[in-house]
Amino acid sequence: MQTQDEKILSVSEYIDFLNSGLKEYRAKIIGEVSEAKTGPTGHVYFSLKDENDGAVINCIIWKSNYGLYGIELEVGMKIMATGAPNIYAPNGRLSFIADVIELAGEGALKKEYERLKKQLTAEGLFAPERKRQVKNYPQKIGVITSKQGAVLSDFLSNIGSFGFKIKMIDSRVEGQEAVADLLASIKTFKKYNLDALVIIRGGGSLESLMAFNNEKVVRAVAGFPVPVIIGVGHHKDEPLVDFAADISVSTPTAAANFLNESWNQALLLIERYERDIVGRYEKILENYKDIENKLKVAFQSFKNALGNVKINLRNSLEKSLSGFGELLLTANQKLSYAEKAIALNNPERQLKLGYSIASHNGRIIKKVRDIKIGQNIDLKVVDGTINSQVKRIWQKRS
Amino acid sequence: MAKEKLASKNLNSNLKRLAEITAWFDAQDQVDVEEGLKLVREAVGLISASKERLVGIENEFEEIKKEIKE
């Protein structure tokens, strides 16, 4: 193989060769802005100076990237720039082409965070009236997250089996580098007919969550056509997207549970209706069964009672019959006594003994006053009647 | 596919109808057994269809590519 020093290259060829190698030297560098100017095309040319020894590197950030980060480069500003070196062939100048710029130091970040928060609050971007509800029984869900790590699997393992149709875009979520990815992902999802958009990542520091404080990202979330659920963990300062989102939760699991909620409620509701309606009807049927049973019991009692009545009647009849027999016997005996008594007491029996029955005009004379002297009386004796006249009357002294 | 016929709109209207049927039972002093049976049959149908929709429907998952910035 020919080495480069054997082969003769043109200047352009050599610069191309160098640039292909320089791509490997992608890095994040920190320095103080010592110069900054915007070219006629909108690209920004600046220099970064090493604070320690004054070393300087020339930098360029293209207009499209510069606009993403909401940073106006100023001399004296301490920043971090991510990119790779490149030689500009027309002038042979080496420059660091920065894709990403960010403020260096938590102090600076915090300051920018507060400034932007104040500005967006004043604009009304975070107003409660802007918040939208996710509709009941959502189905079409867009998810923006990084495929790396546990976040996506946490979300998917907690989302219920309710026939969700989930579309996911793999996006960087870490640091300032995530801004471009997030914006592109949100823009892509705008074209889909979704019920909700979910943006999730794990917890992190202010630097780590930087992209979620980016003005363009915050505005994209606020302006998304359907409700946005943000599940971005944080330590202290809530990322600004939380304020812009319609729903803000702390974990991917919470985001999944949020989407499950109306489905779970519907299930509980159905189960309750089932208990209420079917249970109530079963109660009615139970009551009828109860009545039926009571009727059966009552009927059995009636049958028993009838049976008892039959037995009792039979017993009574038997008793009556035997009683009647006794009665007859008694009656017969009484009759005999009566016959005897009558026979004994028959007045005509007395006639046989020599007694007579005196009567006057058909009336029996029992007492002396029943007759007067001179009147006629009839004396009945055993074999006839004697007619006689009263001559004298003697009354017994009492 | 039959399960997906019961879209969320129908689920909503099913729940509404079930609420109406429950309210009917609540309002009765003496339940008309025939009318009650008719409504229970309807309710059981709604409950069954809704449960089918709610229980164990597989989710769909698809990764899509973000559009590259213009």
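Basis for what follows: all heavy atoms, side chains included, without hydrogens, waters or symmetry-related copies.
In terms of heavy-atom pairs under 4.5 Å with chain B, the best-connected choice from A:L156, A:T188, A:V143 is A:T188. Of the listed residues (A:I141, A:D170, A:I270, A:I166), the greatest number of heavy-atom pairs within a distance under 4.5 Å of chain B belongs to A:I166. Across A:D181, A:N264, A:L269, A:D276, the residue that shares the most heavy-atom pairs under 4.5 angstrom with chain B is A:D181.
Using a 4.0 Å cut-off between charged side-chain N and carboxylate O, B:K51 and A:E274 make a salt bridge. Ion pairing of B:E63 with A:K147 is present here, as a side-chain N (NZ or NE/NH1/NH2) and a carboxylate O approach within less than 4.0 Å.
Taken to the nearest 0.5 Å, the NZ atom of A:K191 stands 10.5 Å off from the CD1 atom of B:I64. A distance of 10.5 Å separates CZ in B:F61 from NZ in A:K167, rounded to the nearest 0.5 Å. Rounded to the nearest 0.5 Å, atoms CZ (A:R272) and OG1 (B:T22) are 7.5 Å apart.
Between B:N59 and A:G160, the shortest heavy-atom distance links the atoms ND2-O, 2.9 Å. When all heavy atoms of A:A184 and B:E67 are compared, the pair lying nearest together is CB-O, 3.6 Å. Scanning both residues, A:A266 and B:L54, for their nearest heavy atoms gives C-CD1, 3.8 Å.
Sparse packing is recorded around CZ of B:R41, with 12 or fewer heavy atoms of other residues, nucleotides or ligands lying under 6.0 Å away. When the shell of 6.0 Å around NZ of A:K28 is examined, it contains more than 12 heavy atoms from other residues, nucleotides or ligands. No more than 12 heavy atoms of other residues, nucleotides or ligands shown are found within 6.0 angstrom of NZ on B:K38.
Side chains of A:F164 and B:E60 form no contact here, defined as non-hydrogen atoms less than 4.5 Å apart. Put simply, the side chain of A:Y273 does not reach to within 4.5 Å of the side chain of B:I21, judged on heavy atoms. Within the 4.5 Å cutoff, the side chain of A:F162 has no heavy atoms near those of the B:I57 side chain.
At a 4.5 Å heavy-atom cutoff, the contact between A:I159 and chain B is made by backbone and side-chain atoms alike. A:L182 does not touch chain B: none of its heavy atoms, backbone or side chain, sits under 4.5 Å away.
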